[in-house]
Every structure is written in C-alpha cells, then in structure tokens.
Amino acid sequence: MAIPQFGAAEDESACPDRPAAFAVIERGGLIALVRVPWLGRGHLLHLPGGGIDPGETEVQAAIRECGEEAGLVVALDAAPFIRADHFFLHHDGVVRNTRGAFFAGRVAGEDAALKIEEDHELVWLAPFDALLRLDRESHAWAVVAWLRLRVGAAGATSAT
C-alpha cells in the first residue's frame, strides 16, 4: 500500500523530511490525545508522538514521546499498523514532511516524572470524538485505520 501524503506545501522540495512516531493508546474505550498550544491557533489536539531522535527506533521514539508529552508508560505493538506523511508547519516556522509511523498500544502505567513537556495536556476522548477534533489529517486517518483493525479483529473473533 502506498503511504498517503497529507497537507500541502508551496514548494515540496524545500520541505525536509522528519521521521516521526505516534501512538494510538486505548484505555477503557477512550484514546489518549495531547492538547498543545499553537501560536495563533489556540489549542490543538494531536496523537502523542513526535520526532525520532538519532539512534532511536520508531517504537522507542513513540514510547518516549508518550512519556514526555503525557506522563504515560505504554506498551506498544512491535510494528506500526499504518504509516502516513504530513506536511506540517512546526513552531520554528519550517514546514517539514513528517514521515509518521503509527503504533497501537495500551497504558502500562503513569509516571509524572516522565512528563517534561509542560505545555502538553493529556486528554482522553472516545475515538469518534477524537476524529472530529484532531488537528492533523494524518492523525485522524490513522485513528480510522486503527478502528477498522479493531472491528476486523472483533469480527474475526466472533466468526470463530
């Protein structure tokens, strides 16, 4: 399957790639989002995640970001369930092509000491509510893919 490209850029060749990893974390029928202040746009909702640091794997980055942004200790699937790219205007004014890997996971615990991004706030929403409120199209698309996998898994279980 081709990796979808979301967003638009005036000059795509001028947009550096930024590998990133995000997580769809479910607990009690709700998914974890982070509310982030954005200059000139108020507060936006995103899936927890972000850029991959040098030497990190995608899954390590997603786990670290869940801790830094939301104080969550998470257990993630070993491989991403979907990938999506998104042209995204970062706080520094540079549009980057975020090359996103999306992982499914669950909460293994909470640790306030992990949370270092003080301007990020953990929010739990029902998946369908999240679809309406997520700012990044790629994140909404990933939640749809996650929901379809869950429905497919439930159907496979009930058919046996």
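The model shown is predicted, which means the values in this text are computed figures rather than measured ones.
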Contact between [X] and [Y] at the side-chain level, heavy atoms closer than 4.5 Å - yes or no?
| X | Y | answer |
| --- | --- | --- |
| I82 | L149 | no |
| F103 | V74 | no |
| R18 | F88 | no |

Less than 3.5 Å apart, which donor and acceptor atoms pair up between the side chains of residues 42-53 and the rest of the protein, not counting sequence neighbours?
unit_1 : atom_1 : unit_2 : atom_2 : d
D53    : OD2    : R64    : NH2    : 3.4

Sort and list the pairs that fulfil side-chain hydrogen bond (donor to acceptor under 3.5 Å, both in side chains) and have at least one residue in residues 70-84, not counting sequence neighbours.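 Residue pairs with at least one partner in residues 70-84: E58-R83.
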Is there a chain of hydrophobic side chains (I, L, V, M, F, W, Y, each step under 4.5 Å between heavy atoms) that links [X] to [Y]?
| X | Y | value |
| --- | --- | --- |
| L89 | V94 | no |
| V144 | I31 | yes |
| V34 | L72 | no |
| L76 | L147 | no |
| F87 | F102 | no |

Considering all heavy atoms, the nearest [X]-[Y] contact:
| X | Y | answer |
| --- | --- | --- |
| F81 | V24 | CZ-CG2, 3.9 Å |
| P127 | V143 | O-CG1, 4.2 Å |
| L122 | A70 | CD1-CB, 3.8 Å |

Residue pairs involving residues 105-132 (criterion ring-ring contact (aromatic ring centres under 6.0 Å, His included); sequence neighbours excluded):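 ring-ring contact (aromatic ring centres under 6.0 Å, His included) check on residues 105-132 returns no pairs.
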With rounding to the nearest 0.5 angstrom, report the [atom1] to [atom2] distance, [X] to [Y].
| X | Y | atom1 | atom2 | result |
| --- | --- | --- | --- | --- |
| L134 | L33 | CG | CG | 5.0 Å |
| L131 | L125 | CG | CG | 10.0 Å |
| R35 | E69 | CZ | CD | 14.0 Å |

Residue pairs meeting salt bridge (Lys or Arg N to Asp or Glu O under 4.0 Å), one or both in residues 85-105, sequence neighbours left out, come to D17-R99, D85-R99, D92-R96
Which salt bridge (Lys or Arg N to Asp or Glu O under 4.0 Å) pairs, counting each pair once, include a residue from residues 129-145, with sequence neighbours left out? R41-D135
Please assess N97 against Q5 for the test side chain to side chain contact (heavy atoms under 4.5 Å, CB included), listing each intermediate value before the final yes or no. CA-CA 9 Å; N97 192 11; Q5 178 71 60; 2.9 Å; yes
Who are the ring-ring contact (aromatic ring centres under 6.0 Å, His included) partners of F6, not counting sequence neighbours? W141
Share the residues that join L114 in a hydrophobic cluster, the rule being Ile, Leu, Val, Met, Phe, Trp or Tyr side chains under 4.5 Å apart at the heavy-atom level.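 Once heavy-atom contacts under 4.5 Å are chained together, L114 belongs with V73.
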All salt bridge (Lys or Arg N to Asp or Glu O under 4.0 Å) counterparts of [X], not counting sequence neighbours:
| X | answer |
| --- | --- |
| E12 | none |
| D11 | none |
| E117 | none |

Could you pull out all residues at least two apart from A20 that satisfy side chain to side chain contact (heavy atoms under 4.5 Å, CB included)?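 Testing A20 for side chain to side chain contact (heavy atoms under 4.5 Å, CB included), a comparison that skips the adjacent residues, returns F22, T98.
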Distance-only donor-acceptor hits, side chain of residues 105-113, under 3.5 Å, sequence neighbours excluded:
unit_1 : atom_1 : unit_2 : atom_2 : d
E110   : OE2    : R27    : NH1    : 2.9
D111   : OD1    : A113   : N      : 3.0

